Amino acid sequence: MPTPSMEDYIEQIYLLIEEKGYARVSDIAENLSVHPSSVTKMVQKLDQEKYLIYEKYRGLVLTPDGKKVGKRLVYRHELLEQLLRLIGVKEENIYHDVEGIEHHLSWDAIDRIGDLVQYFEQFPHTVEELKASRKQNEDEE
Ligand SMILES: [Mn+2]
């Protein structure tokens with residue numbers, strides 16, 4: 001199991017490869033706001049743990065295992081963003097909040113949140129009712 005920090009790296013690498021076709025140390029460093037030397041260190045660790053293959057002058061590629069994990073991490077991030085958006089969290093808070101909670105939920109909880117988001121999408125009136133109830137609470141405050 002990757003640690004929270006390893007998860008952040010695998011997630012970013014997966015996103016960069018999806019977007020650009022490759023992930024450079026400098027881009028990973030920029031996206032995670034860390035020093036390139038920290039990226040190099042972590043990338044070596046992820047190579048040891050078989051999530052990716054790193055060759056100093058040729059860049060890095062995710063192994064099938066790394067791709068599988070990366071895909072799940074991106075799904076988890078997007079699902080949590082969807083949940084926060086549906087329950088009315090302000091747009092400016094969503095990304096940061098998801099970064100803060102995503103590593104600390106079990107996959108059981110993620111699956112149940114998946115059910116909840118699906119339920120909201122299947123029955124849009126429930127989202128409207130939630131909104132109405134929230135409005136009522138706000139008016140009472
Ligand atoms: Mn994330």
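Since the structure is predicted, the reported quantities are computational estimates derived from the model, not experimental observations. Computed from heavy atoms alone, side chains included, the values below leave out hydrogens, waters and symmetry copies. Atoms within each ligand, like the ligands themselves, are counted from 1 in listed order. Counting from 1, the numbers follow the sequence of the chain as shown.
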Are side-chain heavy atoms of Lys67 and Lys71 found at a separation under 4.5 Å? no
For a distance under 2.8 Å, give residue and atom name for each protein N, O or S atom next to the Mn ion (ligand 1). Glu11 OE1, Glu11 OE2, His77 ND1, Glu99 OE2, Glu102 OE1, Glu102 OE2
Taking Arg76 for its side chain and Trp107 for its backbone only, find out whether a donor-acceptor pair lies under 3.5 Å. no
How about His104: does its NE2 atom have over 12 heavy atoms from other parts shown lying under 6.0 Å from it? yes
Measuring only between side-chain heavy atoms, which start at C-beta, is Arg112 closer than 4.5 Å to Asp115? yes
More than 12 heavy atoms of other groups within 6.0 Å of Glu99 CD: yes
Under 3.5 Å donor-acceptor pairs involving side-chain atoms of residues 117-131, not counting sequence neighbours:
| unit_1 | atom_1 | unit_2 | atom_2 | d |
| --- | --- | --- | --- | --- |
| Glu121 | OE2 | Gln82 | NE2 | 2.9 |
| Thr126 | OG1 | Phe123 | O | 2.5 |

